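Letters A, B, ... are given to chains in the order of the sequence lines, protein chains preceding strands, and every chain is numbered from 1. In this text the structure is predicted, and so the values were computed from the model without any measurement. Only heavy atoms go into these numbers, but all of them, side chains included; no hydrogens, no water, no symmetry mates.
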Amino acid sequence: MLDRRHRLTSATGFATAVRRGRRAGRRTLVVHVHQSPEPGPPLVGFVVGRAVGNAVTRNSVKRRLRHLARERLASLPGSAVLVVRALPPAAAATYAELGSDLDSALSRLGAAAGTAVPSGTLR
RNA sequence: UGAGCCGGCCGGGCGGCCGCGGCGAGGAGACUCGUCGAGGAAGGUCCGGGCUCCACAGGGCAAGGUGGUGGGUAACACCCACCCGGGGUGACCCGCGGGACAGUGCCACAGAGAACAGACCGCCGUCUGCUCCGGCAGGCGGCAAGGGUGAAACGGUGGUGUAAGAGACCACCAGCGUUCCGGGUGACCGGAACGGCUCGGUAAACCCCACCUGGAGCAAGGUCAAGAAGAGAGUCGGGAGACCGGCUCUCGCGCGAGCGAUCGAGGGCGGCCCGCCCGAGCUCGCGGGUAGACCGCACGAGGCUGUCGGCAACGGCAGCCCUAGAUGGAUGGUCGCCGACCGCGACGCCGCAAGGCCCGCGGAGACAGAACCCGGCCUACAGGCCGGCUCAUCCC
(Lines give C-alpha, C1' and ligand atoms only; values in the text may rest on other atoms or scores of the structure.)
Protein backbone atom coordinates (compact mmCIF):
# COMPACT_ATOMS: atom_id res chain seq x y z
CA MET A 1 0.00 0.00 0.00
CA LEU A 2 1.04 3.55 -0.57
CA ASP A 3 3.01 5.56 1.87
CA ARG A 4 1.48 8.87 2.92
CA ARG A 5 4.28 10.83 1.20
CA HIS A 6 3.26 9.47 -2.19
CA ARG A 7 -0.42 10.25 -1.86
CA LEU A 8 -1.98 13.05 -3.82
CA THR A 9 -4.17 14.89 -1.33
CA SER A 10 -5.00 18.32 -2.73
CA ALA A 11 -8.01 19.05 -4.90
CA THR A 12 -5.97 21.35 -7.13
CA GLY A 13 -3.43 18.58 -7.72
CA PHE A 14 -6.22 16.34 -8.95
CA ALA A 15 -7.67 19.06 -11.14
CA THR A 16 -4.40 19.94 -12.89
CA ALA A 17 -3.43 16.30 -13.41
CA VAL A 18 -6.79 15.45 -14.96
CA ARG A 19 -7.00 18.62 -17.10
CA ARG A 20 -3.38 19.21 -18.09
CA GLY A 21 -2.00 15.69 -17.97
CA ARG A 22 -1.85 13.13 -20.77
CA ARG A 23 -4.47 10.45 -20.73
CA ALA A 24 -4.85 6.79 -21.67
CA GLY A 25 -8.03 4.76 -21.25
CA ARG A 26 -8.50 1.02 -20.83
CA ARG A 27 -11.56 -1.12 -20.14
CA THR A 28 -11.42 -0.88 -16.35
CA LEU A 29 -9.64 2.44 -15.77
CA VAL A 30 -8.35 5.76 -17.14
CA VAL A 31 -4.84 6.98 -16.34
CA HIS A 32 -3.77 10.63 -16.22
CA VAL A 33 -0.06 11.55 -15.96
CA HIS A 34 1.19 15.09 -15.50
CA GLN A 35 4.75 16.32 -15.00
CA SER A 36 4.64 18.79 -12.14
CA PRO A 37 7.01 21.75 -12.40
CA GLU A 38 7.63 21.47 -8.65
CA PRO A 39 10.34 18.97 -7.77
CA GLY A 40 9.34 16.22 -5.44
CA PRO A 41 8.50 12.55 -5.14
CA PRO A 42 5.97 11.01 -7.52
CA LEU A 43 2.39 11.41 -6.31
CA VAL A 44 -0.51 9.03 -6.94
CA GLY A 45 -4.22 9.65 -6.49
CA PHE A 46 -7.36 7.65 -7.23
CA VAL A 47 -10.86 8.56 -8.33
CA VAL A 48 -13.51 5.90 -7.72
CA GLY A 49 -16.99 7.25 -8.29
CA ARG A 50 -20.32 6.05 -7.11
CA ALA A 51 -20.99 4.35 -10.44
CA VAL A 52 -18.40 1.71 -9.54
CA GLY A 53 -20.46 0.31 -6.67
CA ASN A 54 -21.31 0.71 -3.04
CA ALA A 55 -18.86 1.71 -0.35
CA VAL A 56 -17.49 -1.82 0.11
CA THR A 57 -16.64 -2.38 -3.54
CA ARG A 58 -15.31 1.15 -3.94
CA ASN A 59 -12.95 0.65 -0.99
CA SER A 60 -11.86 -2.72 -2.35
CA VAL A 61 -11.08 -1.31 -5.80
CA LYS A 62 -9.20 1.59 -4.22
CA ARG A 63 -7.09 -0.73 -2.08
CA ARG A 64 -6.18 -2.93 -5.03
CA LEU A 65 -5.20 0.07 -7.13
CA ARG A 66 -3.07 1.41 -4.30
CA HIS A 67 -1.13 -1.85 -4.08
CA LEU A 68 -0.68 -1.96 -7.86
CA ALA A 69 0.49 1.65 -7.98
CA ARG A 70 2.95 1.07 -5.16
CA GLU A 71 4.62 -1.75 -7.07
CA ARG A 72 5.10 0.60 -10.06
CA LEU A 73 6.20 3.62 -8.04
CA ALA A 74 9.91 3.12 -8.71
CA SER A 75 9.38 3.20 -12.47
CA LEU A 76 7.70 6.60 -12.38
CA PRO A 77 9.88 9.67 -13.02
CA GLY A 78 10.37 12.13 -10.20
CA SER A 79 7.72 14.80 -9.62
CA ALA A 80 5.19 12.93 -11.76
CA VAL A 81 1.54 13.16 -10.77
CA LEU A 82 -0.47 10.03 -11.56
CA VAL A 83 -4.26 9.90 -11.26
CA VAL A 84 -6.06 6.60 -11.79
CA ARG A 85 -9.78 6.86 -12.42
CA ALA A 86 -11.71 3.60 -12.01
CA LEU A 87 -14.54 2.72 -14.40
CA PRO A 88 -17.54 0.55 -13.47
CA PRO A 89 -16.04 -2.70 -14.95
CA ALA A 90 -13.22 -2.36 -12.40
CA ALA A 91 -15.58 -3.62 -9.70
CA ALA A 92 -15.73 -7.10 -11.28
CA ALA A 93 -12.14 -7.22 -12.55
CA THR A 94 -9.50 -9.44 -10.97
CA TYR A 95 -6.25 -8.15 -9.52
CA ALA A 96 -4.32 -9.40 -12.59
CA GLU A 97 -6.71 -7.70 -15.01
CA LEU A 98 -6.40 -4.38 -13.20
CA GLY A 99 -2.62 -4.79 -13.22
CA SER A 100 -2.34 -5.44 -16.94
CA ASP A 101 -4.68 -2.56 -17.77
CA LEU A 102 -2.60 -0.22 -15.63
CA ASP A 103 0.65 -1.48 -17.22
CA SER A 104 -0.55 -1.03 -20.78
CA ALA A 105 -1.97 2.40 -20.07
CA LEU A 106 1.28 3.51 -18.44
CA SER A 107 3.46 2.17 -21.27
CA ARG A 108 1.24 3.88 -23.86
CA LEU A 109 1.96 7.17 -22.14
CA GLY A 110 5.65 6.24 -21.99
CA ALA A 111 5.60 7.33 -18.40
CA ALA A 112 7.03 4.09 -17.14
CA ALA A 113 9.06 1.11 -18.13
CA GLY A 114 5.92 -0.71 -17.16
CA THR A 115 6.54 -3.62 -19.52
CA ALA A 116 9.65 -4.51 -17.60
CA VAL A 117 7.75 -4.74 -14.33
CA PRO A 118 5.49 -7.75 -14.30
CA SER A 119 2.90 -7.94 -11.61
CA GLY A 120 4.18 -8.78 -8.19
CA THR A 121 7.88 -9.03 -8.89
CA LEU A 122 8.92 -5.66 -7.56
CA ARG A 123 10.22 -6.18 -4.05
C1' U B 1 -39.09 -40.35 15.22
C1' G B 2 -42.04 -36.60 12.71
C1' A B 3 -44.36 -31.71 12.64
C1' G B 4 -44.00 -27.04 14.97
C1' C B 5 -43.28 -22.59 18.56
C1' C B 6 -39.84 -19.33 21.12
C1' G B 7 -35.06 -17.41 22.51
C1' G B 8 -29.75 -16.79 22.16
C1' C B 9 -25.12 -17.00 19.37
C1' C B 10 -21.43 -17.36 15.21
C1' G B 11 -20.74 -14.79 10.60
C1' G B 12 -14.79 -19.30 8.30
C1' G B 13 -9.68 -20.96 10.53
C1' C B 14 -4.21 -21.39 9.85
C1' G B 15 0.20 -20.05 7.31
C1' G B 16 3.82 -17.67 3.52
C1' C B 17 5.20 -13.09 0.85
C1' C B 18 4.22 -7.78 0.42
C1' G B 19 1.84 -3.43 2.80
C1' C B 20 -1.20 0.85 5.63
C1' G B 21 -2.94 4.10 10.10
C1' G B 22 -2.69 5.38 15.62
C1' C B 23 0.25 5.04 20.11
C1' G B 24 4.96 3.91 22.78
C1' A B 25 10.39 3.21 22.78
C1' G B 26 15.20 3.86 20.31
C1' G B 27 17.79 6.95 16.65
C1' A B 28 20.77 13.30 14.33
C1' G B 29 17.94 11.39 10.41
C1' A B 30 16.54 7.63 6.96
C1' C B 31 14.29 4.14 9.67
C1' U B 32 13.83 -0.08 13.21
C1' C B 33 11.24 -2.69 17.14
C1' G B 34 6.80 -3.48 20.13
C1' U B 35 1.56 -3.02 20.47
C1' C B 36 -3.52 -2.02 18.88
C1' G B 37 -6.68 -1.59 14.50
C1' A B 38 -14.68 -2.30 11.61
C1' G B 39 -20.24 -4.51 12.29
C1' G B 40 -24.46 -7.30 13.86
C1' A B 41 -26.36 -4.50 11.38
C1' A B 42 -20.74 0.07 11.22
C1' G B 43 -26.59 0.75 6.82
C1' G B 44 -31.53 3.77 6.60
C1' U B 45 -31.26 8.56 9.49
C1' C B 46 -37.14 7.07 11.86
C1' C B 47 -37.41 8.21 17.43
C1' G B 48 -34.95 9.28 22.38
C1' G B 49 -30.72 11.36 25.05
C1' G B 50 -25.53 13.16 26.26
C1' C B 51 -22.40 17.25 24.53
C1' U B 52 -21.93 22.41 22.19
C1' C B 53 -23.71 27.32 20.75
C1' C B 54 -28.02 30.60 20.56
C1' A B 55 -32.65 31.92 23.18
C1' C B 56 -35.00 31.85 27.99
C1' A B 57 -41.21 38.89 29.45
C1' G B 58 -45.88 37.18 28.68
C1' G B 59 -50.79 36.17 26.41
C1' G B 60 -53.93 34.15 22.52
C1' C B 61 -54.49 31.01 18.24
C1' A B 62 -52.53 27.33 15.49
C1' A B 63 -48.83 22.92 14.63
C1' G B 64 -46.58 18.20 15.71
C1' G B 65 -46.27 13.79 18.67
C1' U B 66 -48.06 10.04 22.16
C1' G B 67 -52.61 6.97 23.52
C1' G B 68 -55.11 -0.19 27.92
C1' U B 69 -52.59 -0.65 33.09
C1' G B 70 -48.29 -1.10 36.22
C1' G B 71 -43.09 -1.09 36.15
C1' G B 72 -37.78 -0.38 33.88
C1' U B 73 -34.71 3.66 32.12
C1' A B 74 -30.90 9.50 31.45
C1' A B 75 -35.00 9.40 28.03
C1' C B 76 -38.15 7.30 24.29
C1' A B 77 -42.64 6.02 19.72
C1' C B 78 -38.11 1.27 23.19
C1' C B 79 -38.12 -3.01 26.77
C1' C B 80 -40.65 -6.24 30.64
C1' A B 81 -44.98 -8.06 33.15
C1' C B 82 -50.14 -8.03 33.26
C1' C B 83 -55.33 -6.77 31.37
C1' C B 84 -58.85 -6.74 27.27
C1' G B 85 -60.18 -8.41 22.13
C1' G B 86 -59.02 -11.96 18.10
C1' G B 87 -56.50 -16.63 16.11
C1' G B 88 -54.37 -21.65 17.11
C1' U B 89 -55.59 -28.76 19.68
C1' G B 90 -51.15 -26.61 21.96
C1' A B 91 -46.19 -24.24 22.78
C1' C B 92 -47.52 -19.42 21.37
C1' C B 93 -48.84 -15.46 17.99
C1' C B 94 -51.46 -10.78 16.34
C1' G B 95 -53.66 -5.69 17.89
C1' C B 96 -51.98 2.57 15.05
C1' G B 97 -55.80 -1.01 22.13
C1' G B 98 -58.69 6.78 24.67
C1' G B 99 -63.78 8.69 22.95
C1' A B 100 -68.92 6.94 18.00
C1' C B 101 -75.60 9.17 23.66
C1' A B 102 -70.39 16.99 21.54
C1' G B 103 -71.14 17.47 16.50
C1' U B 104 -70.20 16.68 11.04
C1' G B 105 -69.04 13.33 7.07
C1' C B 106 -68.84 8.41 4.61
C1' C B 107 -70.83 3.22 4.20
C1' A B 108 -69.46 0.59 -2.64
C1' C B 109 -72.17 -3.79 -5.05
C1' A B 110 -76.56 -6.47 -4.25
C1' G B 111 -81.30 -5.48 -2.24
C1' A B 112 -88.14 -3.18 -1.77
C1' G B 113 -85.47 -0.96 2.18
C1' A B 114 -78.67 0.82 5.04
C1' A B 115 -79.61 4.68 10.33
C1' C B 116 -85.35 8.36 14.24
C1' A B 117 -84.90 2.11 7.86
C1' G B 118 -87.99 -0.70 4.84
C1' A B 119 -94.15 -3.38 2.23
C1' C B 120 -90.84 -6.68 -3.45
C1' C B 121 -92.86 -11.60 -2.58
C1' G B 122 -95.93 -12.77 1.58
C1' C B 123 -99.83 -12.96 5.96
C1' C B 124 -104.61 -10.79 7.73
C1' G B 125 -109.24 -7.76 7.84
C1' U B 126 -112.89 -5.08 5.11
C1' C B 127 -115.55 -3.08 0.63
C1' U B 128 -116.89 -3.69 -4.58
C1' G B 129 -117.24 -6.83 -8.85
C1' C B 130 -117.10 -11.75 -10.92
C1' U B 131 -117.82 -16.91 -9.81
C1' C B 132 -117.72 -23.34 -12.14
C1' C B 133 -119.16 -21.55 -4.76
C1' G B 134 -113.07 -23.96 -4.17
C1' G B 135 -112.02 -18.95 -4.73
C1' C B 136 -110.16 -14.91 -8.23
C1' A B 137 -109.29 -9.58 -9.48
C1' G B 138 -109.22 -4.53 -7.85
C1' G B 139 -109.64 -0.49 -3.97
C1' C B 140 -108.74 0.88 1.28
C1' G B 141 -106.28 -0.48 5.71
C1' G B 142 -103.32 -3.53 9.39
C1' C B 143 -98.62 -6.62 10.08
C1' A B 144 -91.60 -6.83 10.41
C1' A B 145 -93.59 -13.70 11.81
C1' G B 146 -91.62 -16.22 6.98
C1' G B 147 -88.81 -15.82 1.85
C1' G B 148 -85.02 -13.44 -0.83
C1' U B 149 -80.27 -9.65 -0.98
C1' G B 150 -76.10 -8.39 1.87
C1' A B 151 -70.16 -7.85 5.71
C1' A B 152 -74.35 -5.88 8.40
C1' A B 153 -81.84 -6.01 7.96
C1' C B 154 -82.84 -2.72 14.53
C1' G B 155 -81.63 -8.93 20.26
C1' G B 156 -82.06 -15.02 20.58
C1' U B 157 -85.20 -19.46 22.03
C1' G B 158 -89.92 -21.00 23.81
C1' G B 159 -94.74 -19.41 25.11
C1' U B 160 -99.10 -15.93 26.02
C1' G B 161 -101.71 -13.03 22.89
C1' U B 162 -104.03 -11.55 18.11
C1' A B 163 -107.95 -10.98 12.35
C1' A B 164 -102.76 -11.59 11.28
C1' G B 165 -98.67 -9.92 14.05
C1' A B 166 -95.08 -7.40 17.13
C1' G B 167 -90.78 -6.89 24.01
C1' A B 168 -97.44 -5.76 23.28
C1' C B 169 -96.77 -9.25 27.63
C1' C B 170 -94.10 -13.60 30.35
C1' A B 171 -89.76 -17.14 31.44
C1' C B 172 -84.64 -18.08 30.48
C1' C B 173 -80.24 -16.33 27.90
C1' A B 174 -77.03 -12.46 25.56
C1' G B 175 -76.05 -7.25 25.67
C1' C B 176 -76.39 -2.02 27.87
C1' G B 177 -76.88 1.23 32.16
C1' U B 178 -77.18 2.31 37.60
C1' U B 179 -76.24 0.81 42.65
C1' C B 180 -73.93 -2.48 46.07
C1' C B 181 -70.45 -6.57 47.80
C1' G B 182 -65.66 -9.16 47.22
C1' G B 183 -60.48 -9.45 44.89
C1' G B 184 -56.42 -6.52 42.63
C1' U B 185 -51.42 -0.80 43.22
C1' G B 186 -54.11 -0.59 38.55
C1' A B 187 -56.14 -1.78 33.62
C1' C B 188 -59.86 -5.11 35.08
C1' C B 189 -62.19 -9.64 37.05
C1' G B 190 -66.15 -12.43 39.93
C1' G B 191 -71.09 -11.97 42.10
C1' A B 192 -76.01 -9.78 43.52
C1' A B 193 -80.18 -6.48 42.90
C1' C B 194 -82.82 -3.05 39.95
C1' G B 195 -84.10 -0.53 35.34
C1' G B 196 -85.85 0.71 30.52
C1' C B 197 -86.56 -3.14 27.11
C1' U B 198 -82.10 -3.32 22.53
C1' C B 199 -79.06 1.32 20.94
C1' G B 200 -74.78 -0.58 13.45
C1' G B 201 -69.65 0.30 11.62
C1' U B 202 -65.75 3.82 10.54
C1' A B 203 -61.68 8.31 14.66
C1' A B 204 -54.53 4.97 9.64
C1' A B 205 -62.12 10.72 8.08
C1' C B 206 -62.69 15.71 10.24
C1' C B 207 -63.13 16.15 15.29
C1' C B 208 -63.23 15.86 21.00
C1' C B 209 -60.33 14.49 25.56
C1' A B 210 -55.71 13.74 28.46
C1' C B 211 -50.47 14.24 28.48
C1' C B 212 -45.82 15.84 26.12
C1' U B 213 -42.79 19.14 22.89
C1' G B 214 -37.46 25.95 22.67
C1' G B 215 -34.01 26.33 17.98
C1' A B 216 -29.88 24.47 15.46
C1' G B 217 -26.28 20.85 15.02
C1' C B 218 -19.21 18.21 15.71
C1' A B 219 -18.64 21.98 8.92
C1' A B 220 -21.77 22.18 16.81
C1' G B 221 -18.18 24.99 19.33
C1' G B 222 -13.19 26.72 20.94
C1' U B 223 -7.76 28.15 20.51
C1' C B 224 -3.82 29.55 17.26
C1' A B 225 -1.84 31.05 12.61
C1' A B 226 -2.54 33.90 8.02
C1' G B 227 -4.92 38.21 5.98
C1' A B 228 -6.56 43.66 2.10
C1' A B 229 -7.65 48.56 1.75
C1' G B 230 -11.84 49.97 4.05
C1' A B 231 -17.39 50.78 5.75
C1' G B 232 -20.76 52.01 9.76
C1' A B 233 -21.95 53.35 14.88
C1' G B 234 -20.60 55.40 19.70
C1' U B 235 -17.38 58.65 22.27
C1' C B 236 -13.36 62.31 22.98
C1' G B 237 -10.40 66.32 20.93
C1' G B 238 -9.47 70.25 17.01
C1' G B 239 -12.03 73.46 13.41
C1' A B 240 -16.73 78.92 11.58
C1' G B 241 -17.80 74.84 8.45
C1' A B 242 -16.85 70.88 4.93
C1' C B 243 -13.88 67.83 7.59
C1' C B 244 -9.48 65.78 10.29
C1' G B 245 -7.32 62.83 14.26
C1' G B 246 -7.40 59.30 18.73
C1' C B 247 -9.92 55.19 21.36
C1' U B 248 -13.72 51.23 21.57
C1' C B 249 -17.15 47.99 19.14
C1' U B 250 -19.37 45.63 14.79
C1' C B 251 -19.00 44.04 9.68
C1' G B 252 -15.93 42.11 5.58
C1' C B 253 -15.36 38.57 -2.40
C1' G B 254 -17.01 41.12 -7.21
C1' C B 255 -21.07 43.06 -10.37
C1' G B 256 -26.30 44.38 -10.86
C1' A B 257 -31.27 45.41 -8.77
C1' G B 258 -34.43 46.61 -4.59
C1' C B 259 -35.69 48.17 0.58
C1' G B 260 -33.91 51.09 4.89
C1' A B 261 -32.10 54.86 10.02
C1' U B 262 -36.72 56.68 14.94
C1' C B 263 -42.61 57.64 10.25
C1' G B 264 -36.78 52.37 11.41
C1' A B 265 -34.71 47.68 7.16
C1' G B 266 -33.64 43.44 9.56
C1' G B 267 -33.07 40.02 13.76
C1' G B 268 -34.47 37.26 18.66
C1' C B 269 -38.65 35.45 21.84
C1' G B 270 -40.40 27.59 17.98
C1' G B 271 -45.06 28.98 13.39
C1' C B 272 -48.85 33.40 13.15
C1' C B 273 -51.01 37.80 15.79
C1' C B 274 -50.52 41.17 19.92
C1' G B 275 -46.65 42.54 22.96
C1' C B 276 -41.41 42.87 24.59
C1' C B 277 -36.13 43.20 23.50
C1' C B 278 -31.77 44.16 20.18
C1' G B 279 -31.06 47.25 16.48
C1' A B 280 -27.72 49.55 10.86
C1' G B 281 -27.63 47.33 7.64
C1' C B 282 -30.62 43.74 5.00
C1' U B 283 -32.88 40.90 0.75
C1' C B 284 -32.67 38.83 -4.26
C1' G B 285 -30.11 37.40 -8.96
C1' C B 286 -25.52 36.23 -11.68
C1' G B 287 -20.33 34.97 -11.35
C1' G B 288 -16.15 33.51 -8.45
C1' G B 289 -13.18 32.04 -4.12
C1' U B 290 -11.91 29.57 0.54
C1' A B 291 -12.68 25.85 4.23
C1' G B 292 -4.61 25.53 7.34
C1' A B 293 -3.07 23.35 12.30
C1' C B 294 -4.61 21.80 17.12
C1' C B 295 -8.50 20.92 20.74
C1' G B 296 -13.51 18.95 20.84
C1' C B 297 -11.98 13.05 20.03
C1' A B 298 -12.84 8.33 22.84
C1' C B 299 -13.00 6.38 30.46
C1' G B 300 -18.17 5.79 28.50
C1' A B 301 -25.85 5.93 30.94
C1' G B 302 -18.23 1.33 29.07
C1' G B 303 -17.29 -4.09 28.91
C1' C B 304 -16.57 -9.05 31.42
C1' U B 305 -17.16 -12.27 35.77
C1' G B 306 -19.41 -13.30 40.44
C1' U B 307 -23.15 -12.32 44.01
C1' C B 308 -27.75 -10.21 45.96
C1' G B 309 -32.96 -8.12 45.01
C1' G B 310 -36.88 -8.71 41.28
C1' C B 311 -41.69 -13.30 37.57
C1' A B 312 -39.02 -10.12 34.14
C1' A B 313 -37.10 -5.69 31.77
C1' C B 314 -33.51 -3.98 35.08
C1' G B 315 -30.97 -2.40 39.43
C1' G B 316 -27.36 -2.63 43.93
C1' C B 317 -22.47 -4.35 45.48
C1' A B 318 -17.47 -6.52 44.71
C1' G B 319 -13.35 -7.80 41.54
C1' C B 320 -10.86 -7.43 36.84
C1' C B 321 -10.05 -4.91 31.99
C1' C B 322 -8.92 -0.23 28.73
C1' U B 323 -10.57 -2.34 23.57
C1' A B 324 -10.20 1.67 16.21
C1' G B 325 -9.69 7.00 15.77
C1' A B 326 -8.73 7.95 9.64
C1' U B 327 -9.56 13.28 7.18
C1' G B 328 -8.50 11.94 -1.08
C1' G B 329 -10.13 9.11 4.47
C1' A B 330 -5.80 3.38 7.78
C1' U B 331 -8.01 -1.33 9.56
C1' G B 332 -5.49 -4.46 3.71
C1' G B 333 -3.48 -7.05 -1.27
C1' U B 334 -2.04 -11.76 -3.10
C1' C B 335 -1.04 -17.11 -2.89
C1' G B 336 -1.57 -21.92 -0.57
C1' C B 337 -3.64 -25.55 2.90
C1' C B 338 -7.60 -27.23 6.06
C1' G B 339 -12.75 -27.50 7.80
C1' A B 340 -18.09 -27.07 6.68
C1' C B 341 -22.38 -26.63 1.97
C1' C B 342 -24.23 -28.27 -3.05
C1' G B 343 -23.76 -31.20 -7.74
C1' C B 344 -21.40 -35.21 -10.65
C1' G B 345 -18.40 -39.78 -11.05
C1' A B 346 -15.89 -44.43 -9.70
C1' C B 347 -12.59 -48.77 -6.68
C1' G B 348 -13.69 -50.31 -1.80
C1' C B 349 -16.53 -50.82 3.14
C1' C B 350 -21.50 -51.00 5.97
C1' G B 351 -26.82 -51.94 5.02
C1' C B 352 -32.48 -56.32 2.68
C1' A B 353 -33.22 -51.43 0.67
C1' A B 354 -33.45 -46.11 0.60
C1' G B 355 -28.87 -44.44 1.75
C1' G B 356 -24.23 -43.52 4.55
C1' C B 357 -18.53 -43.50 4.96
C1' C B 358 -14.09 -42.71 2.03
C1' C B 359 -11.67 -40.57 -2.68
C1' G B 360 -11.49 -37.22 -7.00
C1' C B 361 -13.37 -33.01 -9.95
C1' G B 362 -16.35 -28.66 -10.36
C1' G B 363 -19.37 -24.76 -8.13
C1' A B 364 -20.96 -21.44 -4.29
C1' G B 365 -19.12 -18.78 0.18
C1' A B 366 -24.06 -13.65 2.17
C1' C B 367 -25.56 -8.53 3.76
C1' A B 368 -22.29 -4.98 4.07
C1' G B 369 -17.11 -0.32 5.70
C1' A B 370 -16.69 3.44 11.73
C1' A B 371 -16.32 9.50 10.86
C1' C B 372 -18.77 13.29 18.01
C1' C B 373 -20.75 9.44 21.30
C1' C B 374 -24.63 6.37 23.45
C1' G B 375 -30.03 3.74 24.00
C1' G B 376 -33.68 1.87 20.60
C1' C B 377 -36.56 0.99 16.07
C1' C B 378 -36.65 -0.47 10.93
C1' U B 379 -34.43 -2.73 6.77
C1' A B 380 -30.59 -6.39 4.36
C1' C B 381 -28.20 -11.19 5.19
C1' A B 382 -25.01 -17.43 2.03
C1' G B 383 -24.60 -20.80 5.63
C1' G B 384 -24.22 -22.85 10.53
C1' C B 385 -24.46 -23.82 16.05
C1' C B 386 -26.86 -24.06 20.97
C1' G B 387 -30.90 -24.07 24.54
C1' G B 388 -36.05 -24.33 26.21
C1' C B 389 -41.06 -25.73 25.10
C1' U B 390 -45.70 -27.89 22.45
C1' C B 391 -48.50 -31.59 19.62
C1' A B 392 -48.78 -36.53 17.34
C1' U B 393 -46.94 -41.58 17.20
C1' C B 394 -43.98 -45.73 19.07
C1' C B 395 -41.19 -48.27 23.13
C1' C B 396 -40.06 -48.99 28.48
Colleague: Identify the pairs formed between an N or O of the protein and an N or O of nucleotides 379-382 of chain B at a distance under 3.5 Å, and give each distance.
Modeller:
none

Colleague: For U323(B), does the O4'-C1'-N9-C4 (purine) or O4'-C1'-N1-C2 (pyrimidine) torsion place it in syn, i.e. within 90° of 0, or in anti?
Modeller: syn
Colleague: Who passes side-chain contact (heavy atoms from CB on, under 4.5 Å) against P89(A), sequence neighbours left out?
Modeller: R27(A), T28(A), L87(A)
Colleague: Within less than 4.0 Å of OP1 or OP2 of G329(B), is there a side-chain N or O belonging to R66(A)?
Modeller: yes
Colleague: Using side-chain heavy atoms (C-beta onward) and a distance below 4.5 Å, is H32(A) in contact with L82(A)?
Modeller: no
Colleague: Considering Watson-Crick and G-U wobble pairs with both distances under 3.5 Å, what does C78(B) pair with?
Modeller: G72(B)
Colleague: Who does C14(B) pair with, Watson-Crick or G-U, both distances under 3.5 Å?
Modeller: G336(B)
Colleague: Would A115(B) be called syn or anti here, given the cut-off of 90° from 0?
Modeller: anti
Colleague: How far apart are the closest heavy atoms of Q35(A) and A80(A), and which atoms are they?
Modeller: OE1-CB, 3.5 Å
Colleague: Measure the distance from CG on L65(A) to P on U334(B) and round it to the nearest whole Å.
Modeller: 11 Å
Colleague: What residues, two or more places apart in sequence or in another chain, satisfy side-chain hydrogen bond (donor to acceptor under 3.5 Å, both in side chains) together with R26(A)?
Modeller: S104(A)
Colleague: Would you mind reporting whether V31(A) and L102(A) have side-chain heavy atoms less than 4.5 Å apart?
Modeller: yes
Colleague: Taking atom P in both C51(B) and G292(B), compute the distance separating them and give it to the nearest angstrom.
Modeller: 30 Å
Colleague: Can you measure from CZ (R64(A)) to CD (E97(A)) and round to the nearest 0.5 angstrom?
Modeller: 9.5 Å
Colleague: Please report the distance separating the C1' of A168(B) from the corresponding atom of G196(B), rounded so that it comes out in whole Å.
Modeller: 15 Å
Colleague: Is the backbone N or O of L68(A) less than 3.5 Å from a side-chain atom of R72(A), with the two atoms forming a donor-acceptor pair by type?
Modeller: yes
Colleague: Are any of the side-chain heavy atoms of R22(A) and L109(A) separated by less than 4.5 Å?
Modeller: yes
Colleague: Is the glycosidic angle of G288(B) within 90° of 0, making it syn, or outside that range, making it anti?
Modeller: anti
Colleague: Between U390(B) and A152(B), how far is it from one C1' atom to the other, in whole Å?
Modeller: 39 Å
Colleague: What integer distance in Å separates R72(A):CZ from C18(B):C1'?
Modeller: 14 Å
Colleague: Which whole number of Å gives the distance between the P atom of U178(B) and that of C101(B)?
Modeller: 15 Å
Colleague: For nucleotides 362-369 of chain B, list the nitrogen or oxygen atoms of the protein found under 3.5 Å from its nitrogen or oxygen atoms, one pair per line.
Modeller:
from, atom 1, to, atom 2, distance (Å)
G369(B), O6, R63(A), NH2, 3.2

Colleague: Can you tell me how far C1' of G21(B) sits from CZ of R7(A), to the nearest Å?
Modeller: 8 Å
Colleague: Whom does G266(B) pair with, Watson-Crick or G-U wobble, provided both distances fall under 3.5 Å?
Modeller: C278(B)
Colleague: To the side chain of R64(A), which of G328(B), A330(B), U334(B) is closest?
Modeller: U334(B)
Colleague: Atom CZ of R70(A) and atom P of C17(B): how far apart are they, to the nearest Å?
Modeller: 15 Å
Colleague: For A91(A), give me all partners under side-chain contact (heavy atoms from CB on, under 4.5 Å), at least two apart in sequence or on another chain.
Modeller: V52(A)
Colleague: Please report the distance separating the P of U45(B) from the corresponding atom of G384(B), rounded so that it comes out in whole Å.
Modeller: 33 Å
Colleague: Report the distance from atom CG of L68(A) to atom P of G333(B), rounded to the nearest whole Å.
Modeller: 12 Å
Colleague: Just confirming the chi classification of G113(B), syn or anti, using 90° around 0 as the syn window.
Modeller: anti
Colleague: Identify, with sequence neighbours excluded, every residue that meets side-chain hydrogen bond (donor to acceptor under 3.5 Å, both in side chains) alongside N59(A).
Modeller: none
Colleague: Roughly how far apart, to the nearest Å, are A174(B) and A192(B) at atom P?
Modeller: 10 Å
Colleague: Could you identify the nucleotide paired to C5(B), looking across every strand shown and requiring Watson-Crick or G-U wobble geometry with both distances under 3.5 Å?
Modeller: G388(B)
Colleague: Indicate yes or no: at least one non-hydrogen side-chain atom of L65(A) is less than 4.5 angstrom from one of L29(A).
Modeller: yes
Colleague: Between G332(B) atom P and H67(A) atom NE2, what is the distance in whole Å?
Modeller: 10 Å
Colleague: Could you check G40(B) for me: syn (within 90° of 0) or anti?
Modeller: syn
Colleague: Taking atom P of G333(B) as reference, at what distance in whole Å does atom CG of L98(A) sit?
Modeller: 13 Å
